[in-house]
Amino acid sequence: MTSGLLFAIVGVLLFTMGGAGVLLLDHLLRRILAFNLMGSGAFLVLVGLAQRHDVADPVPQAMVLTGIVVAVAATALALALARRLHALTGRMELPEADDD
Amino acid sequence: MKRLVVIAAALAFSLALIATLLELPAATIDLRPAVAENLAASGVAHPVTAVLLNYRGYDTLLEIAVLLLALFGILALGLERQVCTLRAAERPLQLLARLASPLMVVVAVYLLWAGAWRPGGAFQAGAVLAAAAVLLHLTELLPGWLQPSARLRWGLAGGFLLFLGVATAMLARGALLEYPPAHAGALILLIEAGLTFSLGLILAGLFLFMTCDEGGD
Amino acid sequence: MSLALGFDLLLASALLWSAWRALTTVRLDHAVVVFIVFGLLMALAWARLQAPDIGLAEAAIGAGLSGALLLDAYGALRRREAERKAP
């Protein structure tokens with residue numbers, strides 16, 4: 001098994017772990033963490049899968065480099081929204097919409 | 001109940017995806033030869049930089065626009081503006097930060113310059129610049145930002161405007177973002193310098209605009 | 001070759017473990033610190049994937065800047081909770 005394939009599999013696991021976290025966790029800060037894990041997983045799949053025969057590929061690498069910078073901007077925006085919500089309502093969870 | 005369903009679905013999804021990964025046929029498109037062939041005409045010798053700023057310049061142009069939008073979003077949220085005061089920090093810590101931050105600026109310039117032929121480039125250099133600003137803020141040497149002044153606004157938007165300016169100037173020669181091979185290296189370095197400066201300010205701004213909404217003490 | 005594979009497996013399990021801990025640790029500040037560790041491990045993974053460019057950016061942004069943002073948000077949260085309780 002090449003390291004590209006191995007890390008692509010790790011990326012899949014990170015993505016699903018993060019996705020489950022986004023769905024199951026209530027605290028917004030933890031949801032943002034989970035969302036970042038999803039992003040990292042997707043990046044690992046993108047680069048790892050392209051390099052599953054162990055040859056470096058600059059195209060997905062450049063895409064992921066762009067993606068990381070956008071991810072931190074999204075994180076900052078999400079944190080600003082969460083902090084605003086906390087300042088206004090004193091809660092760090094989104095209001096429950098459904099009944100269960 | 002919800003927990004069980006989500007966990008089961010996540011497990012099934014990851015197993016299916018991993019099974020697919022292991023059985024994947026060879027890719028029909030390979031961009032590596034195309035990248036290598038055109039490297040000589042791209043103006044830089046490092047393939048990742050060539051992809052970022054020449055072949056896929058669109059992505060980078062739109063990316064800096066997205067970053068700017070995220071910053072606008074944070075500013076538009078209207079955090080509680082209160083004056084941030086610098087508290088007294090520990091002297092050794094401040095001394096260390098004072099020593100480290102000029103070095104970080106030097107590292108950023110090196111990364112920018114080295115990006116033409118080896119790992120490095122505008123993104124990493126901008127990140128190091130932003131990290132230097134965050135370090136100075138955490139050691140109470142640099143106050144958080146409240147409202148961007150006119151100069152700061154130009155600094156934040158400058159990289160994007162410069163990139164856009166170069167891109168539209170290329171429009172006169174035929175296509176957006178298609179540099180003449182003879183000047184590609186110089187143009188890329190110019191764009192990267194603007195990007196580094198603005199990226200550093202934007203990434204630092206993501207932190208410094210937000211950290212002030214408490215008003216300190 | 002087997003040494004490299006061993007290192008990869010170790011790194012992969014460390015990545016998964018730190019991601020898991022970042023989501024399940026009870027204390028939120030610990031979770032954020034574990035997430036910063038995760039970012040640094042990601043930088044190592046990028047180095048293993050022959051992507052030093054991403055590794056550099058990940059170390060500076062994923063671990064450094066995101067960590068500072070998250071810790072700052074956590075600190076603001078704590079301060080505001082304390083203010084709410086105190087007066």
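What you see is a predicted model, and the numbers here were worked out from it, not measured in a lab. All chains are named by letter (A, B, ...) in the order of the sequence lines, taking the proteins before the strands, and each is independently numbered beginning at 1.
L135(B) does not touch chain C: none of its heavy atoms, backbone or side chain, sits under 4.5 Å away. In this structure, chain B has heavy atoms under 4.5 Å from both the backbone and the side chain of L56(C).
In this structure, H30(C) contributes its side chain and T25(C) its backbone to no donor-acceptor pair below 3.5 Å. Listed for the S66(C) side chain is no donor-acceptor partner under 3.5 Å among the backbone atoms of A63(C).
The side-chain contact (heavy atoms from CB on, under 4.5 Å) test with Y74(C) singles out one residue from V33(C), L69(C), L28(C), and that residue is L28(C).
Note on A59(C), A60(C), A57(C), A68(C): by heavy-atom pairs under 4.5 Å with chain B, the leading option is A68(C).
H46(B) is listed as a side-chain neighbour of D53(C), based on a closest heavy-atom distance under 4.5 Å.
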